[in-house]
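The structure appears right after this line, and notes come after that.
All residue numbers refer to positions in the sequence shown, counting from 1.
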Amino acid sequence: MTVRAYLRASTSDQDAQRAKASLDRFAKDKGLKIAKYYTENASGSTLERLALQSMLDDCLHGDIILLESIDRLTRLNAKDWGKLKQRLQAFNLGLVVLDIPTTHSIISTEQDEIQQRIAHALNDMFIELFATFARKDYEQRRERQQQGIDKAKAQGKYKGKQANIKRYQSIIKLLNAQHSQREIMAVLKCSAHTIARAKAWHTSQS
């Protein structure tokens, strides 16, 4: 059983490594060894995350993915969450989430087959529930953000989000040099959405 830890923060000014100490303590207490850490700054609302895809590519049948909370893995919409679940299930990957105690049971070696099946069924239910809450929280934040923007517009104070032109120029330069999107995400620590915005900006300048 190989354990892989996934750490994520939403923006570049947040510390994605913040939860590493908690994961390390948990693994030590449970007698586990974390084989590899996958860390990135990217929105949990998109499936196209470099470290996430790298981890899924590395996973073998029956591996364990260790998380601080389920929202580190997903704030996805129903369609994308379904795609991610299919991939997890195809390789029988177990999710152990620090703040969902029932998931801790899947690393126990003292359960018989029936107990393991019951534990997995309960875990699936709780993970689905928490994933739904994570998406709802994301949507509520976006709604509050839009309300703030609408209020600022009404007061004539809204200037809009300023484009990071230097970053866009770097992305376009790498695209012109035939680098793949995944390579650019790794080099510049940016998301697929940022690359799409850079392409749109470049088109508007042409």
Side-chain angles (χ1 to χ4, degrees), residues 1-20 22-23 26-27 32 34-107 119-146 181-182 185-186 189-197:
M1 178 177 62
T2 300
V3 179
R4 305 178 188 277
Y6 179 70
L7 304 104
R8 182 190 67 78
S10 296
T11 61
S12 57
D13 60 347
Q14 296 176 333
D15 184 10
Q17 290 275 354
R18 175 191 53 79
K20 185 174 182 296
S22 297
L23 298 182
F26 177 85
L32 303 174
I34 298 175
K36 189 173 180 179
Y37 298 87
Y38 300 81
T39 307
E40 64 187 335
N41 289 82
S43 173
S45 65
T46 176
L47 191 55
E48 295 302 319
R49 282 174 262 157
L50 185 65
L52 174 62
Q53 296 302 322
S54 177
M55 178 180 67
L56 294 174
D57 288 343
D58 290 346
C59 279
L60 302 176
H61 193 274
D63 281 358
I64 297 294
I65 297 174
L66 182 61
L67 308 160
E68 178 194 23
S69 61
I70 200 66
D71 62 10
R72 298 303 87 197
L73 180 68
T74 175
R75 288 186 182 274
L76 299 167
N77 60 37
K79 182 179 179 180
D80 286 341
W81 172 231
K83 291 179 181 178
L84 179 55
K85 282 194 298 183
Q86 284 183 347
R87 193 159 181 187
L88 296 173
Q89 293 166 357
F91 285 88
N92 192 33
L93 303 179
L95 297 182
V96 175
V97 188
L98 265 60
D99 63 0
I100 308 180
T102 57
T103 65
H104 304 177
S105 63
I106 68 173
I107 58 178
H120 277 281
L122 287 172
N123 289 338
D124 288 346
M125 179 183 70
F126 280 111
I127 287 169
E128 188 67 34
L129 185 64
F130 277 81
T132 301
F133 287 156
R135 179 63 186 186
K136 183 177 180 180
D137 178 67
Y138 169 79
E139 291 177 346
Q140 288 176 333
R141 291 186 186 191
R142 292 291 297 271
E143 183 179 357
R144 289 194 294 268
Q145 182 185 47
Q146 187 59 50
Q181 179 169 292
R182 179 167 288 194
M185 290 168 66
K189 306 298 182 185
C190 66
S191 68
H193 288 301
T194 301
I195 295 175
R197 287 196 296 268

Inset, instruction - Kindly compute the distance separating CD1 (I65) from CZ (R72), expressed to the nearest 0.5 Å. - result: 15.5 Å
Legend entry - Atom CZ of R182 with >12 non-hydrogen neighbours under 6.0 angstrom: yes
Inset, instruction - Check A19 against L7 and note the closest heavy-atom contact, atom names and distance. - result: C-CD2, 3.8 Å
Inset, instruction - Measure the OH-OG distance between Y138 and S45 for me, rounded to the nearest 0.5 Å. - result: 3.5 Å
Inset, instruction - For D124 and A121, indicate whether the former's side chain and the latter's backbone hold a donor-acceptor pair under 3.5 Å. - result: no
Legend entry - Residue pair V97 / D99, side-chain heavy-atom distance below 4.5 Å: yes
Inset, instruction - Measure across A134 and D71 and return the closest heavy-atom pair with its distance rounded to 0.1 Å. - result: CB-CB, 3.7 Å
Inset, instruction - Mark yes or no for whether R197, through its side chain, and A192, through its backbone, hold a donor-acceptor pair below 3.5 Å. - result: no
Inset, instruction - Determine, for E139 against R75, whether the closest basic-nitrogen to carboxylate-oxygen distance falls under 4.0 angstrom. - result: no
Legend entry - E68 vs Y6, side chain to side chain contact (heavy atoms under 4.5 Å, CB included): CA-CA, chis, key distance, verdict: CA-CA 8 Å; E68 178 194 23; Y6 179 70; over 6 Å; no
Inset, instruction - Examine the side chains of Y37 and Q17 and answer whether a donor and an acceptor come within less than 3.5 Å of each other. - result: no
Inset, instruction - Compute whether any side-chain donor of one residue and acceptor of the other, for T132 and R135, lie under 3.5 angstrom apart. - result: no
Inset, instruction - Report the distance from atom CE of M55 to atom CG of L50, rounding to the nearest 0.5 Å. - result: 12.0 Å
Legend entry - Note, R8 side chain near T39 side chain (heavy atom, < 4.5 Å): no
Legend entry - Main-chain N/O of L52 paired with E40 side-chain donor or acceptor, under 3.5 Å: yes
Legend entry - Non-hydrogen side-chain atoms of K189 and N41 separated by less than 4.5 Å: no
Legend entry - Q53 (side chain) donor-acceptor with L47 (main chain) under 3.5 angstrom: yes
Inset, instruction - Indicate whether the side chain of S191 and that of T194 have a donor and an acceptor atom separated by less than 3.5 Å. - result: yes
Inset, instruction - Answer yes or no: is there a donor N or O on one side and an acceptor on the other, between the side chain of R49 and the main chain of A42, under 3.5 Å? - result: no
Legend entry - From R18 atom CZ to L23 atom CG, the distance as rounded to the nearest 0.5 Å: 9.5 Å
Inset, instruction - Measure across G62 and L93 and return the closest heavy-atom pair with its distance rounded to 0.1 Å. - result: N-CD2, 4.4 Å
Legend entry - Exam field: side chain H104 to backbone L98, donor-acceptor pair closer than 3.5 Å: yes
Legend entry - Check against side chain to side chain contact (heavy atoms under 4.5 Å, CB included), I64 and T2: CA-CA 6 Å; I64 297 294; T2 300; over 6 Å; no
Legend entry - Under 3.5 Å side-chain donor-acceptor pair for R141 and Q146: no
Inset, instruction - Answer yes or no: does atom CZ of R87 have more than 12 heavy-atom neighbours from other residues, nucleotides or ligands under 6.0 Å? - result: yes
Legend entry - Pairwise distance CG(L88) to CG(L56) - rounded to 0.5 angstrom: 6.5 Å
Inset, instruction - Decide yes or no for E48 and H193: does some side-chain heavy atom of the first lie under 4.5 Å from some side-chain heavy atom of the second? - result: no
Inset, instruction - Can you label the angle between the F133 ring and the F130 ring as parallel, tilted or perpendicular, going by 30° and 60°? - result: perpendicular
Legend entry - Note, D80 side chain near T46 side chain (heavy atom, < 4.5 Å): no
Legend entry - Exercise: identify the closest heavy-atom pair between L60 and D63: N-OD2, 2.9 Å
Legend entry - Distance (rounded to the nearest 0.5 Å) between T74 OG1 and I127 CD1: 11.0 Å
Inset, instruction - May I ask you to check whether N123 and T103 show a side-chain donor-acceptor distance below 3.5 Å? - result: no
Inset, instruction - Identify the two heavy atoms, one from A131 and one from I70, that lie closest to each other, and give their separation to 0.1 Å. - result: N-CG2, 4.0 Å
Legend entry - Heavy-atom closest contact (D58 atom, Y38 atom, distance): OD2-OH, 2.8 Å
